[in-house]
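Reading through the structure tokens given below for one structure.
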Amino acid sequence: MPLKTPEQYEESLRHMNFKVYLQGELVTNPVDHPIIRPSMNSVKMTYTLAMDPQYEELMTATSHLTGKKVNRFTHLHQSTDDLVKKVKMQRLLGQKTAACFQRCVGMDAMNAVDSVTFEMDKKLGTNYHDRFIHFLTRVQEEDWTVDGAMTDPKGDRSLSPSKQADPDLYVHIVEKRADGIVVSGAKAHQTGAVNSHWILVMPTISMSKEDADYAISFATPADAEGIFYIYGRQSCDTRKLEGSTIDVGNSQFGGHEALMVFDNVFIPWENVFMCGEYEFSGMLVERFAGYHRQSYGGCKVGVGDVLIGAVALATEYSGVSKASHVKDKLIEMIHLNETLYCCGIACSAEGCRTASGTYLIDLLLANVCKQNVTRFPYEIARLAEDLAGGLMVTMPSEKDLRHPEIGKVVEKYLRGVASIPTEYRMRVLRLIENLTLGTAAVGYRTESMHGAGSPQAQRIVIARQGNLEQKKELAKAIAGIPSK
Ligand code: SF4
Ligand code: FE
């Protein structure tokens, strides 16, 4: 049965042999670690909702390979309808977790590797696509969570991979053997790495001939010999160690990033999907980035829905919800959030079929989508802080609220509208704090800026895809200027 239950997913992680360092210590049981577990819960939600009949349409799809029902996160988009459903699924999951649910990176990587290996084989006579389809079939059968890994540490940005003082600053081939390749290097800020079964590695930039040893793509079990992780810190992460539920803001869910290190890792040929074909590295980067820029028009919108709802509640709890400027600011937040969704839907609806049969988003619109994501969540967060008020960051702790003596004082002086328990007000303000300044702010704010590529990366694609010459011709025709 290709669909894993959420319990089977959690259990499968327990059988993995991850090597994870967190705050200088080797973690023996990542699944139950209080800092890691909320992020595992977010991925687990992708399994939970796939079992729920009311979400079946969005969360599952029919595999074009086997005809079986699979989780949409393991599916290759077979139509523009699939692309639209992907964005809707991501909005749903953002709403249910108010966090990064991590599984999209692998979905986006698999869709990109599919069409690029197909076109590469056609041009060069290689046989990567068959290998990839074999891998994908196993992913669907096992309902694995796959982490797409693209971003290398990159060292001195003015130098190409092969010119770096340290060759490991980009993942590269150390040795080619009869049975496979050995790779070393690292991938930085890898979303959901230690909640994943497999890693699908791609090159991080368009490569030239001198960098051929860096133009590699392969899949590997996430706990393979030689791979280890250094877990990234998040603002306020140690609140998760305090055993409180209010102060964390979102005690159930979260996301994570980690530095993923490859120390002479062996990859059998059957899992290698690019090995030196540098002229196809740029296409792979562009398509993966395009899919992930589409993704942000879904996931960030879902998280935005929760933030807007939290702010609306906070204004009710403090008795200001009827003020006209409050209503107007909430309208502005909704307008910005829905504009992001429009972009996610538009680049999906305007998608097209690639040679392999997998559908690709409209690259220009996907990049416009992500460019807006580098801005609008910041404005939404600014308005959220405006309406939440300063108490969001000056409030006493849950321990003070629960204290036998001063608890009454906290109750008394933090109360807003008399009919609303003080605890509710504290809970909703802490949620807003979490989303705008705490652990979830990694996903909602800074990741909105840099995830799926920093703003300048989108502007480069917009410049390339924007078709300025055609626009000039349009203007000439209207203005009565002869065309060349
Ligand atoms: Fe998915 Fe969004 Fe997280 Fe990327 S940032 S993995 S698209 S939830
Ligand atoms: Fe991301």
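Counting starts at 1 for both ligands and their atoms, in listed order. Since the structure is predicted, the reported quantities are computational estimates derived from the model, not experimental observations. Computed over heavy atoms, backbone and side chain alike; hydrogens, waters and symmetry mates excluded. If you read the sequence from its start, that first residue is 1, and numbering goes on from there.
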Would you call the rings of H77 and H75 parallel, tilted or perpendicular if under 30° counts as parallel and over 60° as perpendicular? perpendicular

Please could you name the atoms of ligand 1 that V105 approaches to less than 4.0 Å, counting only its heavy atoms? 6 (S)

Hey, can you tell me if Y9 and Y47 have their rings parallel, tilted or perpendicular (30° and 60° cut-offs)? parallel

Is the distance between the ring centroids of F273 and Y128 under 6.0 Å? no

Aromatic contact between F376 and H335, with the criterion being ring centroids under 6.0 Å apart: yes or no? no

Closer than 2.8 Å to atom 2 (Fe) of ligand 1, how many protein N/O/S atoms do you count? 1

Is the ring pair Y231/H256 parallel, tilted or perpendicular, if the boundaries are 30 and 60 degrees? tilted

Looking only at heavy atoms, the pair that brings Y214 and M207 closest together is O-CE, 3.5 Å

